[in-house]
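Per chain, numbering begins at 1; letters A, B, ... match sequence-line order.
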Amino acid sequence: MIINMFKIQMKDFDLEKISKSGQCFRMNKAVGEDNRYTLIAYGNYLEIEHTEDSIFFSCTQEEWDELWVNYFDCGRDYEKICETVDKEDKYMKRAVEYGSGIRILRQEIFEIIISFIISQQNNIPRIKKCVESLCESFGEERYNFRGERYYAFPTAKRLAGVTLEELQNCNLGYRSRYILKTARMIVENEVNLAGLMDMSYEEAKVELMKLSGVGVKVAECICLFGLYHVEAFPIDTHIQAVLSENYPEGFPFDRYEGYAGILQQYAFYYDIYGKV
DNA sequence: GGACAGGGTTACG
DNA sequence: CGTAACCCTGTC
């Protein structure tokens, strides 16, 4: 059915959880297919099918090596990370078990910046709608291997050139102003995206907060999902509730130095979906 | 059907 | 430095 299926075996890889974990907004379950997902990233369209013992990707080995192996963070051992959780930490033990299969994707920086500006005071289904609307309106039109049309995420240059009225058609609410200003700042090189890659987490965070609509929380999300600083630990309303309920003495950041953000992702997922 | 909150940030006082 | 205002939808 799918042309150029590339097959791998990988543990800790659950598309359902990754797609619902609120880190990416363009990965979706294929309609009517339980184990198949579609994804648009870095301008490419990908289908993924999960069978009992293998995962199939609609790409060549070359494309896999060049892009997707890195995108799915295949070089990291998530099991090992989960094993470092304190046995006495019942909450985090449950969270990593419940969220087993979650990975942190290495996504495109500009897409992450805009997506997480949209995410403020917003919920995941609506964020997805907004992002998709933005892509349909301003993203480059392309065709997948099935001959179906899809849209790449808009470039900064394209967004910087639109009017506020045009943006508002995407139902972004008050975030339209932020997005337009941020896109323009990036095009004007007031914040240099390539430069961000070479900065430390703390430096990148400060730099990102120059952008309109980017405060502490959004900057930390961008660092975690767009720059792959897995030490970034964004605290939103969910995580805030988790911390005050389960870590009244404070979260053990020292124990998880350098990768606390990955545990944050498990906790976030568990808090949203794990409650009975 | 109106009120409210949803992965916050900005711009005031 | 605390707090209201900001858009827009889905949900109650």
Write down the distance between CG (A:Leu167) and C1' (C:dC8), rounded to a whole number of angstrom.
-> 15 Å
Provide, to the nearest angstrom, the distance between the CG atom belonging to A:Leu180 and the P atom belonging to C:dC7.
-> 14 Å
Under 4.0 angstrom, heavy atoms only, what part of the nucleic acid is A:Gly173 near: base, sugar-phosphate, or nothing?
-> base
Quick one: the dot-bracket string of DNA chain B, using Watson-Crick and G-U wobble pairs with both distances under 3.5 Å, [ ] for crossing pairs and | for bases paired to another strand.
-> .|||||.||||||
Can you find a donor-acceptor pair, distance only, under 3.5 Å between A:Lys217 side chain and B:dG7 base?
-> yes
B:dG6 OP1/OP2 closer than 4.0 Å to side-chain N/O of A:Ser119 | no
Aromatic ring centroids of A:Tyr201 and A:Phe233 under 6.0 Å?
-> no
Nearest heavy atoms of A:Ile104 and A:Leu224, plus distance in Å = CG2-O, 3.9 Å
Nearest-nucleotide comparison on DNA chain B, the residue closer to the 5′ end among A:Asp236 and A:Tyr178 = A:Asp236
Could you state the CD1-C1' distance from A:Ile124 to C:dG10, rounded to the nearest angstrom?
-> 14 Å
Nearest-Å distance once atom P is located in both B:dG7 and C:dG2 = 25 Å
Is the NZ or CZ atom of A:Arg106 positioned over A:Tyr71's six-membered ring, under 6.0 angstrom from the centre and within 45° of the axis?
-> no
Give the nucleotide from the list B:dT9, B:dG7, B:dG6 with an atom nearest to the side chain of A:Val218.
-> B:dT9
To the nearest Å, give me how far apart CZ (A:Phe225) and P (B:dG7) are.
-> 13 Å
Using centres under 5.5 Å plus planes under 30 degrees as the test, is A:Tyr174 stacked with C:dC6?
-> yes
Scan A:Arg175 against the nucleic acid and name what it touches under 4.0 Å (heavy atoms): base, sugar-phosphate only, or nothing.
-> base
To the nearest Å, how far apart are A:Ile117 CD1 and C:dC6 C1'?
-> 15 Å
In terms of ring plane angle, is the pair A:Phe72 and A:Trp64 parallel, tilted or perpendicular, where the classes change at 30° and 60°?
-> parallel
Which part of the nucleic acid, if any, lies within reach of A:Glu220 when heavy atoms closer than 4.0 Å are counted: base, sugar-phosphate only, or nothing?
-> nothing
To the nearest Å, how far apart are A:Asn169 CG and C:dC8 C1'?
-> 13 Å
Could you tell me whether A:Leu211 contacts a base, only the sugar-phosphate backbone, or nothing, with contacts defined as non-hydrogen atoms closer than 4.0 Å?
-> sugar-phosphate
Name the nucleic acid region contacted by A:Gly213, choosing base, sugar-phosphate or nothing; use a 4.0 angstrom heavy-atom cut-off, strictly under.
-> sugar-phosphate
5' precedence on DNA chain B between A:Lys181 and A:Gln120 (nearest-nucleotide basis) = A:Gln120
Rounded off to whole Å, could you give me the OH-to-P distance for the A:Tyr270 and B:dG7 pair?
-> 18 Å
At under 4.0 Å between heavy atoms, what does A:Gln240 touch on the DNA or RNA strands: base, sugar-phosphate, or nothing?
-> nothing
In whole angstroms, how far is the C1' atom of C:dC7 from the CG atom of A:Asn122?
-> 9 Å
Interatomic distance at P, B:dG1 relative to C:dC7, whole Å | 27 Å
Just by distance, do the side chain of A:Glu111 and the backbone of A:Pro154 share a donor-acceptor pair under 3.5 Å?
-> no
Indicate whether OP1 or OP2 belonging to C:dG10 is found under 4.0 Å from a side-chain N or O atom of A:Lys129.
-> yes
Can we call the ring centroids of A:Phe6 and A:Phe57 under 6.0 Å apart?
-> no
Is the Lys NZ or Arg CZ of A:Lys20 less than 6.0 Å from the centre of A:Tyr273's six-membered ring, within 45° of the axis?
-> yes
How is A:Ser21 classified with respect to the nucleic acid when contacts are heavy atoms under 4.0 Å: base, sugar-phosphate, or nothing?
-> base
Take A:Glu220 and A:Lys205, measure what salt bridge (charged side-chain N to carboxylate O under 4.0 Å, His left out) needs, and give me the verdict at the end.
-> CA-CA 7 Å; A:Glu220 288 174 349; A:Lys205 184 168 144 185; 2.7 Å; yes
Distance test, side-chain N/O of A:Asn171 to OP1/OP2 of C:dT9, below 4.0 Å | yes
Options B:dG7, C:dC6, C:dC8, nucleotide nearest the side-chain atoms of A:Arg126 = C:dC8
Which heavy-atom pair separates A:Met27 from A:Lys128 by the least distance, and what is that distance?
-> O-NZ, 3.6 Å
